[in-house]
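Input: a single structure, listed below in structure tokens.
First the proteins, then the strands, lettered A, B, ... as listed; each starts at 1. Computed over heavy atoms, backbone and side chain alike; hydrogens, waters and symmetry mates excluded.
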Amino acid sequence: MSHPVSCLSEGEEFGSRIGMTADSLVLLERNRTEDPWEMVETKPNIEALERGVPGLYFPCYDMLLTEDATWLVKVSEASPTLAGPMNRMESQEEPEQCPVIDSQEQGLSPGLEGQEEERSLEQVQSMVVGEVLKDIETACKLLNITPDPIDWNTANVQKWLLWTEHLYRLPHAGKAFQELTGKDLCAMSEEEFRQRSPLCGDTLHAHLDIWKSAAWMKERCSVIDTKAAGGEELWSEADSSCSGQPIHLWQFLRELLLKPHNYGRCIRWLNKEKGIFKIEDSAHVARLWGLRKNRPAMNYDKLSRSIRQYYKKGIIRKPDVSQRLVYQFVHPV
DNA sequence: AATCAGGAAATAC
DNA sequence: GTATTTCCTGATT
């Protein structure tokens, strides 16, 4: 499974740039799990299958590989939150959102009234792409790196490698890419990746390919959006990842809690209204926090000490009936 | 053995 | 100065 598919018959620059390798696409679904750190088995996890549109699963990949990329633009129109960098807080208010519903609600392709099949296809496509972009954005927040690999410094590259390796249970290959910047990385062919890392170079290359494509899409969408909307209000809902200030632990915990889809197995609400949450996997949460803050030695002992500092500040407290690993936000939102 | 509670000092910004 | 991070002692689950 390691020959790049020359995609996109209409070979304009859009298409060829967007085109992902066959590897990338296989990776997209093979390796996605709800909680990367918890991954025990590699199972296909495409929600389309679980939600009962089996017939559309494979065709959508054909489309990804062969169609021109106008649907990507539609995605950007349907999901303005994807357009600007880091500004999709609002869509994450709904923990278990369904991208298909999203698309319908936001009026995806209103001009296709008669063509149910095409419409469904587009829904699945936008869903898949949306999920990928969402994952990338999540990873960016987590690692505190930019979505576009071209901007990465050597430290960012190492972080990404560490993350990707951990995410997909790859052998550690960071050393082979030690002194490379994102720019270097982006310029490398799949072959060069394999030379650096015979074991997983192709996989890493494929993943980087996905990131590159996503960044390119994002940039294009934001250009379109800026033209259309005058570039205003894209930054209105500044979240912790673009506010410039270093993130606070309580904010970070809130972010994890906001994404049960991704982190529900390591931290979850016991009572969202009261702000009571439970850390289900202390080591895991600590690892994520350490990753975010560049503290490789972070552990739950230290993380919990930081939480306890919040007691006297009135940010977090122990619930009335104290339970192990259970805390409560003093001011639930 | 893992968590919890704080004091105290170190560190990053 | 703030917000942790690091380290530690002792208590609790």
Give, for atom [atom1] of [X] and atom [atom2] of [Y], the distance between the pair rounded to the nearest 0.5 Å.
| X | Y | atom1 | atom2 | result |
| --- | --- | --- | --- | --- |
| I150(A) | D184(A) | CD1 | CG | 9.5 Å |
| L161(A) | L208(A) | CG | CG | 9.0 Å |
| I145(A) | N153(A) | CD1 | CG | 9.5 Å |

Rounded interatomic separation in angstrom, taking NZ from K302(A) and P from dA12(B): 13 Å
Do the rings of W289(A) and F252(A) sit parallel, tilted or perpendicular, given the 30° and 60° boundaries? tilted
Do side-chain atoms of K212(A) reach the backbone of C186(A) as a donor and acceptor pair under 3.5 angstrom?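 Yes, K212(A) side chain to C186(A) backbone: donor-acceptor pair under 3.5 Å.
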Ignoring hydrogens and angles, tell me if any N or O in the side chain of R196(A) forms a donor-acceptor pair with the backbone of F177(A) under 3.5 Å.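 Answer holds: no.
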For residues F193(A) and L185(A), determine if any side-chain heavy atom of one lies less than 4.5 Å from a side-chain heavy atom of the other.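 Of all side-chain heavy-atom pairs linking L185(A) with F193(A), at least one is under 4.5 Å.
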Chain A vs DNA chain C, heavy-atom contacts under 4.0 Å, first-to-last nucleotide span, 5' to 3', is dA3(C) to dT13(C)
Please encode protein proximity along nucleotides 1-6 of chain B as a string of B, S and -, counting only heavy-atom distances under 4.0 Å. -BSSBB
Can S189(A) and E192(A) be counted as having a side-chain donor-acceptor contact under 3.5 angstrom?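 Their side chains do contain a donor-acceptor pair, which is all the 3.5 Å distance test asks for.
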Report which part of the nucleic acid L249(A) touches: base, sugar-phosphate, or nothing (heavy-atom distance under 4.0 Å, all strands). sugar-phosphate
